[in-house]
Amino acid sequence: MLIPSDTTLGIFFTSQLCIGFMGNSLLLTLCMYTFLVQPHLKKPIDMTVMHLTLANAITIMFRLIPDVMSSFGVGEFMDDVGCKAVLYVYRLTRGLSICTTSFLSAFQAITISPSNSKWAWLKYKISTCIFPSFLFFWIINMLIYIRIILTPEASRNFTVVGSGYHHVYCKDKQFEYGSSVACVSAMMIRDLLFVGLMIWTSVYMVSVLFRHHRRAQHVHSTNLSSQPSPENKATHSILWLVSCFVFFYCINRCLSIYDLWIYKKNPRMGSITGIISSCYPTFCPFMLLKNNKIISKFTSSLSKMRITFSQRTFHG
């Protein structure tokens with residue numbers, strides 16, 4: 001029997017799924033349109049944005065669809081094979097999202113670095129590192145989560161007792177301390193490296209923007225202060241993106257560690273973790289869309305049409 005909280009969670013999960021998937025699909029479609037139809041508008045960073053958007057879209061689907069089904073009372077939605085596939089793809093794409101966000105932040109930091117900085121030599125080489133970096137991200141995340149192919153099985157009982165990982169439809173066959181510690185350690189090392197790189201490059205970008213702003217004030221240039229360059233706009237968006245990621249990552253990691261080690265599992269904790277872990281891939285495309293050239297042209301055309309209409313109405 002459904003209780004109101006289950007229905008409320010189901011509606012919330014469905015809304016988050018639809019908003020996140022449509023936002024990522026729109027951004028991915030615009031990037032592909034630029035590559036195929038308007039190649040003169042494409043930038044090297046667009047390939048990284050496409051990779052991040054695809055990873056986020058898959059993460060949302062494989063994380064939220066089981067939660068939606070569970071919230072509306074669908075029992076035994078997945079068998080053992082389904083559990084292994086869903087959990088592995090979800091964990092893999094979430095790891096890819098972490099790595100790609102870090103790479104995006106580093107890419108932008110190198111792009112806006114001054115010509116006399118020690119990172120300037122990377123400006124002309126960073127574009128050639130995109131595909132090798134993607135391959136590296138795929139390999140390390142596939143290896144980190146190889147354990148998920150072996151251990152999960154479908155959960156027939158929603159009241160689960162014992163340590164280990166538990167999903168709404170899945171659970172560990174048996175809790176093996178050694179393999180669990182190895183998997184968690186690998187994840188923590190990856191996260192420390194990539195989140196640390198993310199934060200470090202963000203601090204560097206803030207310092208570059210601050211120095212640029214001080215120079216603009218020093219020469220009393222109103223154009224530079226009121227009309228930021230496209231690079232500065234993109235940098236601001238990526239800084240917001242990184243801040244959003246780090247915020248939700250810290251909350252989700254604390255909840256995940258707590259849920260992993262407690263003896264008696266709380267289904268509500270799993271639902272809250274699902275909501276938090278899906279917030280970043282849901283918000284991500286909307287923070288990147290405002291710098292898309294096609295969207296910018298569209299909003300600029302709408303603004304001109306609105307001004308023209310207002311002038312005609314006033315004079316009429």
- Query: Which residues pass the side-chain hydrogen bond (donor to acceptor under 3.5 Å, both in side chains) test with Ser278, sequence neighbours left out?
  - Reply: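 Partners of Ser278 under the side-chain hydrogen bond (donor to acceptor under 3.5 Å, both in side chains) test: none.
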On a heavy-atom basis, which atom in [X] and which in [Y] lie closest, and how many Å separate them?
{"X": "Leu27", "Y": "Pro285", "value": "CD2-CA, 3.8 Å"}
{"X": "Asn252", "Y": "Ser277", "value": "OD1-CB, 3.4 Å"}
{"X": "Ala55", "Y": "Leu96", "value": "CB-CB, 4.2 Å"}
{"X": "Val208", "Y": "Pro114", "value": "CG2-CD, 4.4 Å"}

- Would you mind listing every disulfide bond (SG atoms under 2.5 Å apart) that reaches into residues 90-148, with sequence neighbours excluded?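 Every candidate disulfide bond (SG atoms under 2.5 Å apart) pair involving residues 90-148 fails, so no pair, neighbours aside, qualifies.
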For [Y], is there any backbone N or O sitting under 3.5 Å from a side-chain donor or acceptor partner on [X]?
{"X": "Tyr33", "Y": "Leu28", "value": "no"}
{"X": "Thr14", "Y": "Gly10", "value": "yes"}
{"X": "Gln16", "Y": "Ile275", "value": "yes"}
{"X": "Ser113", "Y": "Ile110", "value": "yes"}
{"X": "Thr93", "Y": "Val89", "value": "yes"}

- How far apart are the C-alpha atoms of Cys284 and Leu241, what are their side-chain angles, what is the distance that settles it, and do they pass the side chain to side chain contact (heavy atoms under 4.5 Å, CB included) test? CA-CA 6 Å; Cys284 177; Leu241 194 74; 3.4 Å; yes
- Which residues satisfy the salt bridge (charged side-chain N to carboxylate O under 4.0 Å, His left out) test with Asp46, sequence neighbours excluded?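 None.
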- Message: Applying side chain to side chain contact (heavy atoms under 4.5 Å, CB included) to Leu209 and His236, what does each step give before you reach the verdict?
- Response: CA-CA 9 Å; Leu209 291 177; His236 281 100; 4.0 Å; yes
Does a sphere of radius 6.0 Å around [atom1] in [X] hold more than 12 heavy atoms from other residues, nucleotides or ligands, not counting ones at 6.0 Å or beyond?
{"X": "Phe21", "atom1": "CZ", "value": "no"}
{"X": "Phe131", "atom1": "CZ", "value": "no"}
{"X": "Met50", "atom1": "CE", "value": "yes"}

- Of Leu52, Leu288, Thr53, the residue whose pairing with Asn24 passes side chain to side chain contact (heavy atoms under 4.5 Å, CB included):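 Answer after filtering Leu52, Leu288, Thr53: Thr53.
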- Message: Tell me which pairs pass salt bridge (Lys or Arg N to Asp or Glu O under 4.0 Å) where either residue lies in residues 14-39, with sequence neighbours left out.
- Response: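 Qualifying pairs, neighbours excluded: none.
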- Summary of salt bridge (Lys or Arg N to Asp or Glu O under 4.0 Å) pairs that have at least one residue in residues 10-20, sequence neighbours excluded: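 Pairs touching residues 10-20 that pass the test: none.
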- Task: With sequence neighbours excluded, tell me which residues meet ring-ring contact (aromatic ring centres under 6.0 Å, His included) with Tyr280.
- Result: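 Expected list: Phe245.
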- Message: Just to verify, what does Phe194 make a ring-ring contact (aromatic ring centres under 6.0 Å, His included) with, not counting sequence neighbours?
- Response: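 Result, ring-ring contact (aromatic ring centres under 6.0 Å, His included) vs Phe194: Phe137.
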Transitively linked via ILVMFWY side-chain contacts under 4.5 Å: [X] with [Y]?
{"X": "Leu17", "Y": "Phe286", "result": "yes"}
{"X": "Phe62", "Y": "Val81", "result": "no"}
{"X": "Met32", "Y": "Leu26", "result": "yes"}
{"X": "Met22", "Y": "Phe12", "result": "no"}
{"X": "Ile276", "Y": "Phe247", "result": "yes"}

Working to the nearest 0.5 Å, report the span between [atom1] of [X] and [atom2] of [Y].
{"X": "Met187", "Y": "Arg253", "atom1": "CE", "atom2": "CZ", "result": "6.0 Å"}
{"X": "Met69", "Y": "Phe13", "atom1": "CE", "atom2": "CZ", "result": "11.5 Å"}
{"X": "Ile140", "Y": "Tyr145", "atom1": "CD1", "atom2": "OH", "result": "9.5 Å"}
{"X": "Asp191", "Y": "Ile98", "atom1": "CG", "atom2": "CD1", "result": "4.5 Å"}
{"X": "Met198", "Y": "Leu104", "atom1": "CE", "atom2": "CG", "result": "9.5 Å"}
{"X": "Ile60", "Y": "Thr282", "atom1": "CD1", "atom2": "OG1", "result": "4.0 Å"}

Below 4.5 Å, heavy atoms only, C-beta onward: do [X] and [Y] meet side chain to side chain?
{"X": "Ser105", "Y": "Leu197", "value": "no"}
{"X": "Phe248", "Y": "Cys244", "value": "yes"}
{"X": "Ile238", "Y": "Ile45", "value": "yes"}
{"X": "Arg94", "Y": "Asn56", "value": "no"}
{"X": "Ile126", "Y": "Pro44", "value": "no"}

- Message: Run Trp200 and Val203 through side chain to side chain contact (heavy atoms under 4.5 Å, CB included) and show every step you take.
- Response: CA-CA 5 Å; Trp200 181 76; Val203 172; 5.8 Å; no
- Which residues share a side chain to side chain contact (heavy atoms under 4.5 Å, CB included) with Ile130, sequence neighbours left out: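 In terms of side chain to side chain contact (heavy atoms under 4.5 Å, CB included), with neighbours along the sequence ignored, Ile130 is linked to Met47, Thr48, Phe103, Phe107, Phe134.
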- Item | With sequence neighbours excluded, residues passing side chain to side chain contact (heavy atoms under 4.5 Å, CB included) with Ser15 |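 So Ser15 forms a side chain to side chain contact (heavy atoms under 4.5 Å, CB included) with Ile11.
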- Query: Tell me, which pairs form a side chain to side chain donor-acceptor pair (under 3.5 Å) where one or both residues lie in residues 237-247, sequence neighbours left out?
  - Reply: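 Matches after skipping sequence neighbours: Ser237-Asn291.
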- Message: Give me each pair satisfying side chain to side chain donor-acceptor pair (under 3.5 Å) with a member in residues 122-142, each pair once, sequence neighbours excluded.
- Response: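 Of all non-adjacent pairs touching residues 122-142, those that pass side chain to side chain donor-acceptor pair (under 3.5 Å) are His51-Trp138, Asn141-Arg190.
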- Item | Co-members of the apolar cluster containing Leu135 [side chain, <4.5 Å] |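 Leu135 clusters with Ile139, Leu143.
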- In terms of side-chain heavy atoms, does Ser97 have a donor or acceptor partner in Thr59 at a distance below 3.5 Å?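 No pair is found: no donor N or O on one side chain lies under 3.5 Å from an acceptor on the other.
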